[in-house]
Amino acid sequence: MSAPAPNPAAVPASIAAFRKDRSSDLLQRCRDFSAMLDALRAEGDYLTQYRLELLSPLDHEIVVRDPLTSAPKRLVCFDSNSYLGLHLHPRVTAAARRALDEAGAGTPSAPLLSGTSRWLRDLEEVVAAFHDREAALVFPSGYAANIGILTGLLRPGDLAVRDRYVHASLHDGCRFSGARGGVYAHRDADAAARALARDAGGAGRLVVTDGVFSMHGSIAPIPELASVAHAAGALLMVDEAHATGVVGATGRGTEELFGLRGGIDVLMGTFSKAAGAAGGYVVGPRDLVDYLRFFAHAAVFTASLPAPVFAAVAEAFRLMGEDPEPRERLHANARRFTSALEALGVAPLATGTPIVAVRVGPQATLLRAGRELYDAGIRCGSVSYPAVPADGCLLRFTVNARHTAEEIDRTAETLARVAARHGFLGKASPAGPDASPFGEPS
Ligand code: PMP
């Protein structure tokens with residue numbers, strides 16, 4: 001039996017519209033979505049920006065298979081989260097190789113059963129010590145960590161309020177937990193205070209924020225949020241995915257940046273950014289970590305990551321603690337890029353972190369501008385809904401320590417030309433008046 005053809009008149013024109021599709025035929029929703037993707041692919045621009053096939057390591061320069069010609073194509077790459085380049089550091093790759101030889105490709109058992117190897121124990125100790133905490137719990141990914149922490153800690157009847165631009169995993173975790181609450185305006189501690197005051201009845205209470213916001217590159221006002229949370233009897237949970245190893249004099253994240261070491265109650269991070277591999281974690285007092293070890297299903301009902309990942313990440317954390325030079329180079333590179341852009345009339349949404357995002361507008365402009373950058377030999381993140389609001393698409397450049405001055409200057413000049421052509425020179429409204437896909441502040 002052949003599948004019914006998509007009905008072009010009924011096919012929503014954007015991913016945002018598909019979110020609202022409540023048609024009763026689940027497979028028809030998928031077929032309609034495929035029709036939209038096929039139309040995007042046929043235009044070609046989409047293919048140059050999504051699921052590009054890497055033929056090289058993910059580095060400041062990459063080789064991809066050109067989707068239009070199938071030939072290898074070299075690009076300067078501003079779309080890697082390995083801020084310090086540690087995934088390619090010889091000590092890190094050697095540690096992974098040793099663990100591979102000793103433990104094999106995997107440890108396929110849950111960590112509470114036979115999945116706790118000496119590499120996992122070592123990593124837990126290294127990460128807890130890095131953050132000056134008693135204990136650490138490791139998850140298969142940062143996404144899983146946020147779901148596990150929030151659903152493990154919160155119950156229906158509790159209250160969790162979160163910044164409207166937190167990572168999707170925090171939105172999902174808060175919602176999946178069944179706790180009451182909602183979003184407050186971006187980086188607005190007073191709005192967080194009002195949201196807490198509106199619901200005095202929440203049993204357990206939590207304020208949730210990114211430390212460095214993943215899409216905008218802005219930094220949360222951690223001291224103000226900590227005061228607001230603690231004054232209202234709430235704990236502060238901070239996702240330090242883009243802060244660990246990156247901000248603060250020794251890379252300890254936003255706590256160190258603001259001189260508030262130990263001020264975050266529930267500190268979460270990922271191993272998929274500065275540590276260069278994969279996995280997520282939470283650190284804190286032993287009581288909190290022991291509790292989550294049993295109640296965070298995303299760590300309980302799942303297999304351990306392979307030992308080579310643990311070994312690589314532990315070595316990366318040791319390097320982050322020992323050697324400030326890559327972090328200094330990272331920030332010098334980020335400053336060079338943002339200054340060059342500002343001099344050319346392009347206004348990033350925020351400065352002070354290696355995430356340099358430029359607001360482009362609707363998806364059609366994003367795809368066109370992204371294609372022109374690709375043709376000019378530049379790879380960056382083309383960010384559209386649901387990572388950002390539907391009309392708030394971003395070109396996101398993630399600077400790393402391995403970029404050369406020539407790559408940075410050339411990219412800034414090319415981006416300025418593309419921005420002038422598409423009318424997004426100087427567009428900098430930090431949060432934008434646009435609707436968040438995850439809810440509006442009340
Ligand atoms: N939190 C933030 C702030 C992130 O940016 C990301 C990844 N983009 C995650 C959590 C999820 O981490 P992972 O990719 O390790 O699952």
Side-chain angles (χ1 to χ4, degrees), residues 50 58 78-84 86-87 123 127 131 136-151 160 162-176 183 186-187 207-220 222 225 236-247 253-255 257 264 266-283 296-299 302-306 309-310 312-313 316-317 349-350 353-357 380-388 394 396-400 436-438:
Y50 299 102
L58 183 56
F78 285 83
D79 190 29
S80 161
N81 291 316
S82 186
Y83 290 110
L84 307 171
L86 293 178
H87 65 309
L123 177 61
V127 171
H131 288 291
L137 171 63
V138 171
F139 294 78
S141 70
Y143 181 88
N146 279 333
I147 303 297
I149 296 162
L150 289 162
T151 57
R162 60 193 194 273
D163 188 292
R164 71 191 290 217
Y165 287 128
V166 291
H167 189 259
S169 52
L170 293 169
H171 287 294
D172 287 351
C174 286
R175 292 190 303 196
F176 297 169
V183 300
H186 185 50
R187 301 183 62 250
V207 174
V208 179
T209 185
D210 287 9
V212 171
F213 286 84
S214 56
M215 290 302 136
H216 298 78
S218 44
I219 300 177
I222 299 298
L225 287 172
L236 176 64
M237 169 173 175
V238 182
D239 177 335
E240 290 280 89
H242 295 275
T244 300
V246 175
V247 305
T254 56
E255 284 190 334
L257 184 70
I264 296 172
V266 183
L267 193 163
M268 170 274 169
T270 66
F271 300 140
S272 61
K273 316 286 186 239
Y281 64 93
V282 60
V283 292
H297 285 192
T302 193
S304 184
L305 284 170
V309 174
F310 296 146
V313 172
F317 267 78
L349 293 186
T353 77
I355 300 172
V356 182
C380 65
S382 297
V383 183
S384 66
Y385 184 93
V388 290
L394 306 176
R396 178 175 178 272
F397 295 78
T398 311
V399 178
N400 68 56
S436 161
F438 295 98

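Order of appearance sets the numbers: ligands from 1, and atoms from 1 within every ligand. As a basis for the values below, the full set of heavy atoms in this structure was taken, side chains included, without hydrogen atoms, waters or symmetry mates.
Under the ring pair (Phe, Tyr, Trp, His ring centres under 6.0 Å) criterion, His87 pairs with no residue at all, not counting sequence neighbours. Annotation: side chain to side chain donor-acceptor pair (under 3.5 Å) contacts of Arg396 (sequence neighbours excluded): Thr398.
Checking side-chain atoms of His167 against main-chain N and O of Asp210 turns up no donor-acceptor pair under 3.5 Å. Without hydrogens or angle criteria, Thr254 side chain to Leu257 main chain gives no donor-acceptor distance under 3.5 Å. Of the possible donor and acceptor atoms, one in the side chain of Ser80 sits under 3.5 Å from a partner among the backbone N and O of Ser82. Listed for the Glu255 side chain is a donor-acceptor partner under 3.5 Å among the backbone atoms of Ile264.
No side-chain donor-acceptor contact under 3.5 Å links His297 and Thr151.
Every atom of ligand 1 is numbered from 1 in the order shown, and the set under 4.0 Å from a heavy atom of Tyr143 is 11 (C), 12 (O), 13 (P), 16 (O). Counting the atoms of ligand 1 from 1 in the order shown, those under 4.0 Å from a heavy atom of Thr270 are 12 (O), 15 (O). Applying the 4.0 Å criterion to heavy atoms of Asp210 picks out, from ligand 1, the atoms 3 (C). Residue Gly142 has at least one heavy-atom neighbour below 4.0 Å for each of these atoms of ligand 1: 11 (C), 12 (O), 13 (P), 15 (O), 16 (O). For ligand 1 and His242, the ligand atoms under 4.0 Å from any heavy atom of the residue are 3 (C), 4 (C), 5 (O). Near Ser141, the atoms of ligand 1 lying under 4.0 angstrom from a non-hydrogen atom of the residue are 16 (O).
Assignment of Ser169 to the shell around ligand 1 is supported, since a heavy atom sits closer than 4.0 Å.
The protein heavy atom nearest to atom 4 (C) of ligand 1 is His167 CD2, 3.3 Å. Closest to atom 8 (N) of ligand 1, if we only count protein heavy atoms, is Lys273 NZ, 3.0 Å. Nearest protein heavy-atom neighbour of atom 15 (O) of ligand 1: Ser272 OG, 2.7 Å. With hydrogens left out, the protein atom closest to atom 1 (N) of ligand 1 is Asp239 OD2, 2.5 Å, a heavy atom.
Minimum interatomic distance between Val138 and Phe310 (heavy atoms only, all atoms of both residues): CG1-CE2, 3.9 Å.
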